[in-house]
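Working notes for the structure below.
Computation of the quantities below employed the complete heavy-atom set of this structure, encompassing side-chain atoms and omitting hydrogens, waters and symmetry-equivalent molecules. In this chain, residues are counted from 1 in sequence order. All ligand and atom numbering here is 1-based and tracks the order in the structure.
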Amino acid sequence: MTPPNRDRFSAPVTDLPGVGPGTAEKLARLNVETVGDLILHLPYRYQDRTRSVPFDELEPGSECLITGRVTSSGIAYGRRRSLLTRLTDERGTLTIRLFHFSRRQEQGIRPGMWMRCFGEVRMGPAGKEMVHPEYRMHRDQPPPAAAELTPVYGATQGLTSARIGKWVAAALARCGEVRASRLPDDDFPELMDAIRYLHGPTGDTGHADPQRLQAARERVALDELTGYFLVMKRRHALLDKETTRALPSGPRLGRALLTALGFRLTRAQARVTGEVLNDLARQRPMMRLLQGDVGSGKTVVAAFAAIRAAEHGCQTAIMAPTEILAEQHFETLSTWLSPLGIGVGLLTGRQSAAERRARLAAVKDGSDLVSVGTHALFQTGVEFHELALAIIDEQHRFGVHQRMQLRDKGRLPHQLIMTATPIPRTLTMALYADMDVSTIDELPPGRLPVRTHGAAMSRRDEVIERVHGWCRSGRQGYWVCTTIEDDDENELNAAESVYAELAAHMPGLRFGLVHGRMPPTEKNAVMADFKAGEIDILVATTVIEVGVDVPNASVMVVDNAERLGLAQLHQLRGRVGRGSMQATCILLYEAPLSAFARERLAVMRDTTDGFKIAEKDLELRGPGDILGTRQTGEETFKLADLGTHRHLVPRAMALGDRLVTEDPQTAETIIATWSGPEAEYATV
Ligand code: ADP
Ligand code: MG
């Protein structure tokens, strides 16, 4: 049954008075398409305009509302021409400074008038001042300040937070109740009360109540996490209704690989391989996540799975996130599988049309039993002879929305999803409730943990000298460049100037450069040279973050490591320490470090355990990191934050389990509130 407000909730934003197609288009950039999306587009912070702060209480760096009387105003000709206005209140004075102003503005500010401003306080040459605040002039003392905190919404070009606020209010007025929202957990407010409060927290006391705000956020987060968990559980249950080709144990070709490998599987690898092969033997499609730290040896598990499919004459598609990785998987798997008579093919974007046609034909007639390519390539509709297994090397966590895409002749293949970003055990069960999870929790023997040091940028020359020495004695290393902005052009500039700098200071070494702007052919050629030992130092942007395997590389320097998050630093560092040599990683940072950055570097120094790092990562993720995580495709939640709301996860799971049996209708409503159509299997 559809809840009464469902239709209004899912109505397009253009149903609201005054929202035309132009605004709708802009809202869509914020992933806001329906009236309900607007209601759930919650502010990410608030401005306090509920109280005018007396001048003697103004704190530099704070953002606040002030009210004062103009004592003088006029143009000052200093280093830059500016309009200076002096204000007083009963408790002190304040300067307002405008650098850009019109004649009308200049004439509009006259002594004796009242001025109300909102902006940031800072220390100026003559005491506290505000530069370019929002302001308004009044002839008489202005009315009392706003009754509510002013929400600040995620905005987009051409759409200010204030305008979004107006549409939100309209949406709330139109669609008063999302649903009856009482949860069996009764110490929480009603969902809608919480949502309304978040959009316009009333200051009963003139101040918003931080505790109430937090409780409201938690209420909404609990709902969202419960919704997520319910969707995952439902997906899992749906698998029971699917059948696919069972791949029971066959001629045991795997044994041949086992003896040919040249190393013994770790206990974890053996256990996990067993779990995968067991799944494959069943008719229910496998949906298994293979979690394992960088370098834990996931590829070989994938190989055993592909061999099992091949024993039945069935095909495996292996999808890698980048071309470099696809090539690398192709090489490894060809080495392992070709001797067993299993045809392995590579599909890449840089193949000639003829090559590509040949590969596609081999996939279609089944002579390539294993095909490796990028995710993007397989999404263009490759035709298989008989696809039984899809292996997805995805590197990111929670890439939930697009799972289960690949169907072959209407059937879901078995799927193995490999991720190198471990997540804390406490979260695995909830976040991956749609899958079975296998974890490789040990590294191959003989690996020495990478020694990690931090070094301030002032010691850069010293670091260069050290690295020079190491690499002259035969070691290979990466020098990783980071930029503040996530933009290829910037990265390229940074990498090129570092390349020139290092080449000038380290005579006798051979250098290579890889960056995101390079055509894949060139990038691959450089990587191949590095792998072959023909390059000593590879200057790289963070493109090498993903899975590249060069066992002889044992030195890594990360320039401006303070800019990177823990997960990314861990991934990068995983590029070294893959061989038997003691590896070293130097994190060069610009002082002074923020408290969070200092702690991140300390974590990196103290541990190499990906699970511990993941745990810390969540703990240390400040609200400031929200944008950073968005970029990595982790836009799973609207409001819930795995850092601040971790403690709610077990509760959401318990709640979800309970709702499914006791109150399926509420479960349905929660799912409908939080997920669009992607709650179902996405099928291609
Ligand atoms: P990841 O889990 O990061 O994908 P890989 O599969 O690339 O790791 O393996 C990392 C390296 O370790 C490869 O060079 C691989 O051949 C090697 N390796 C894998 N398993 C073992 C093992 N049991 N003993 C020794 N080396 C291993
Ligand atoms: Mg890998």
Problem - Per-atom contacts of ligand 1 with Q269, taking only distances under 4.0 Å to non-hydrogen atoms - result: 19 (C), 20 (N), 21 (C), 22 (C), 23 (N)
Handout entry: Backbone of V555 reached by a side-chain donor or acceptor of T584 within 3.5 Å
Key = no
Completion exercise
One finds that the ligand 1 atoms under 4.0 Å from a non-hydrogen atom of V294 are 3 (O)
Handout entry: For T266, the ligand 1 atoms whose distance to one of its heavy atoms is below 4.0 Å
Key = 23 (N)
Exercise for the section: Please verify whether a non-hydrogen atom of P551 lies at under 4.0 Å from ligand 1. Expected result: no
Practice task
With heavy atoms only and a cut-off of under 4.0 Å, state how R578 meets ligand 1: side chain, backbone, both or neither.
Solution key: side chain
Exercise for the section: Could you list which atoms of ligand 1 come closer than 4.0 Å to a heavy atom of G297? Expected result: 1 (P), 2 (O), 5 (P), 6 (O), 8 (O), 9 (O), 19 (C)
Handout entry: Main-chain N/O of F330 paired to S334 side chain as donor or acceptor, under 3.5 Å
Key = yes
Completion exercise
For T299, the ligand 1 atoms with a heavy-atom partner under 4.0 Å come out as 4 (O), 5 (P), 6 (O), 7 (O)
Practice task
State the atoms of ligand 1, each with its element, that fall below the 4.0 Å cut-off from a heavy-atom position in L265.
Solution key: 23 (N)
Problem - Flag if over 12 foreign heavy atoms under 6.0 Å of CD, E383 - result: no
Practice task
Please state whether Q328 comes within less than 4.0 angstrom of ligand 1, counting heavy atoms only.
Solution key: no
Practice task
Could you tell me whether D434 and K233 make a salt bridge, using a distance below 4.0 angstrom between a side-chain N and a carboxylate O?
Solution key: no
Handout entry: Polar atom proximity, F263 to ligand 1 (N or O, under 3.5 Å)
Key = no
Problem - ligand 1 contact by G295, heavy-atom criterion under 4.0 angstrom - result: yes
Handout entry: Salt bridge E599-K616, side-chain N to carboxylate O under 4.0 Å
Key = yes
Problem - Region of Q571 that comes within reach of ligand 1 [heavy atoms, distance under 4.0 Å] - result: neither
Exercise for the section: Please answer whether the main-chain N or O of E386 pairs with a side-chain N or O of Q315 as donor and acceptor at a distance below 3.5 Å. Expected result: yes
Problem - R271, CZ atom: more than 12 neighbouring heavy atoms under 6.0 Å - result: yes
Exercise for the section: Keeping the roles fixed (side chain from R308, backbone from F304), state whether a donor-acceptor pair exists under 3.5 Å. Expected result: no
Handout entry: Proximal ligand 1 atoms for R264, defined as those under 4.0 Å from one of its heavy atoms
Key = 22 (C), 23 (N), 24 (N)
Practice task
Determine, stepwise, if the pair E327 / K523 fulfils salt bridge (Lys or Arg N to Asp or Glu O under 4.0 Å).
Solution key: CA-CA 11 Å; E327 296 240 343; K523 198 154 56 182; over 6 Å; no
